[in-house]
Engineer: 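Following this message is one structure expressed as structure tokens.
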Amino acid sequence: MKISINRKAHFNAAHRLHKEGYSDEENLKVFGKCSNPLYHGHNYELIVTVTGEIDPETGFVMNLDILKKIIKDEVEYYLDHKNLNLEVEEFKKLNPTAENISVVIWKRIRAKLNSKYELKVTLFETPRNYVEYWGD
Ligand code: NI
């Protein structure tokens, strides 16, 4: 029997969505307000979902303190209060959309998580817009 546990986290970050070679006007048309050349911030809300079997010895899927620490090290420390375009390696050539941020977060957590677990990340860029990534 598989069951999912969830941990919520939060970070603030600045970004700008744009395509190299587009004029400011074209970027505005494609990326809307997120194309602001002088950047802007979002309050990102993250839900990390780990799915696995219940360990009969502990009754846990995994110890949430361990998951909390992985999220703190791999997501909060890495992204909180950063300018994603300028300060985060992955986004120097990749648009920091909610989709791409979710993939980066998923890969960073996946690398620290026992392979027996399934991982999903849900990232809210605004209270109404969110992205889910289950991995590839
Ligand atoms: Ni934005």
Side-chain angles (χ1 to χ4, degrees):
M1 180 191 73
K2 291 203 167 176
I3 190 162
S4 297
I5 60 165
N6 296 281
R7 169 90 189 166
K8 285 179 160 182
H10 172 81
F11 60 94
N12 302 310
H15 78 165
R16 178 195 180 202
L17 302 182
H18 70 294
K19 193 163 155 56
E20 216 56 64
Y22 278 18
S23 66
D24 286 353
E25 197 177 47
E26 286 171 315
N27 276 314
L28 182 64
K29 206 168 167 185
V30 176
F31 299 109
K33 287 193 286 187
C34 280
S35 74
N36 177 8
L38 297 179
Y39 306 98
H40 61 278
H42 289 282
N43 296 315
Y44 291 96
E45 296 288 344
L46 176 69
I47 302 170
V48 177
T49 305
V50 173
T51 303
E53 302 283 339
I54 299 176
D55 181 335
E57 278 183 40
T58 61
F60 293 152
V61 172
M62 81 176 279
N63 187 321
L64 272 168
D65 279 344
I66 296 170
L67 184 59
K68 178 181 168 182
K69 185 165 181 350
I70 293 173
I71 295 168
K72 199 173 174 125
D73 293 346
E74 298 304 317
V75 181
E76 293 172 349
Y77 180 76
Y78 194 61
L79 301 178
D80 192 34
H81 284 70
K82 296 287 176 67
N83 179 314
L84 300 178
N85 301 72
L86 301 181
E87 295 179 271
V88 177
E89 197 54 45
E90 285 91 337
F91 301 117
K92 288 187 175 160
K93 296 209 164 122
L94 182 67
N95 244 347
T97 59
E99 290 88 332
N100 284 330
I101 299 168
S102 298
V103 172
V104 166
I105 289 171
W106 186 92
K107 283 181 179 166
R108 291 183 66 85
I109 296 173
R110 180 77 269 177
K112 301 288 170 169
L113 200 64
N114 189 307
S115 60
K116 69 183 180 182
Y117 300 121
E118 292 165 31
L119 173 66
K120 175 191 164 190
V121 302
T122 306
L123 182 69
F124 285 76
E125 189 172 71
T126 71
R128 292 171 197 273
N129 295 345
Y130 67 97
V131 167
E132 297 172 290
Y133 185 55
W134 284 263
D136 40 27

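Remember, it's 1-based here, ligands and their atoms both numbered in the order they're listed. Fair warning: this is a prediction, and the values are worked out from it, not measured in the lab.
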Engineer: Spell out, as yes or no, whether a donor-acceptor pair under 3.5 Å connects the side chain of His10 to the backbone of Tyr44.
Structural biologist: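 Confirmed, His10 side chain pairs with Tyr44 backbone.
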Engineer: Who passes side chain to side chain contact (heavy atoms under 4.5 Å, CB included) against Asn100, sequence neighbours left out?
Structural biologist: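 Side chain to side chain contact (heavy atoms under 4.5 Å, CB included) check on Asn100 returns Phe91, Leu94, Asn95, Thr97.
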Engineer: Give a yes or no answer on whether the side chain of Asp80 reaches the backbone of Asn12 with a donor-acceptor pair at less than 3.5 Å.
Structural biologist: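 Side chain of Asp80 to backbone of Asn12, a donor-acceptor pair under 3.5 Å: yes, one is there.
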Engineer: Return the set of protein N, O or S atoms whose distance to the Ni ion (ligand 1) is under 2.8 Å, each given as residue and atom.
Structural biologist: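 You should have found His15 NE2, Cys34 SG, His40 NE2, His42 NE2.
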Engineer: Residues two or more places apart in sequence or in another chain: which of them pass side chain to side chain contact (heavy atoms under 4.5 Å, CB included) with Thr58?
Structural biologist: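 Once residues adjacent in sequence are excluded, the partners of Thr58 under the side chain to side chain contact (heavy atoms under 4.5 Å, CB included) criterion are Asp55, Phe60.
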Engineer: Under the rule for salt bridge (Lys or Arg N to Asp or Glu O under 4.0 Å), what residues qualify as partners of Glu118, not counting sequence neighbours?
Structural biologist: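 If we apply the salt bridge (Lys or Arg N to Asp or Glu O under 4.0 Å) test to Glu118, skipping adjacent residues, the hits are Lys2.
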Engineer: Counting only N and O atoms by type, is there a donor-acceptor contact under 3.5 Å from the side chain of Tyr117 to the main-chain atoms of Val61?
Structural biologist: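 Checking the backbone N and O of Val61 against the side chain of Tyr117, a donor-acceptor pair under 3.5 Å is found.
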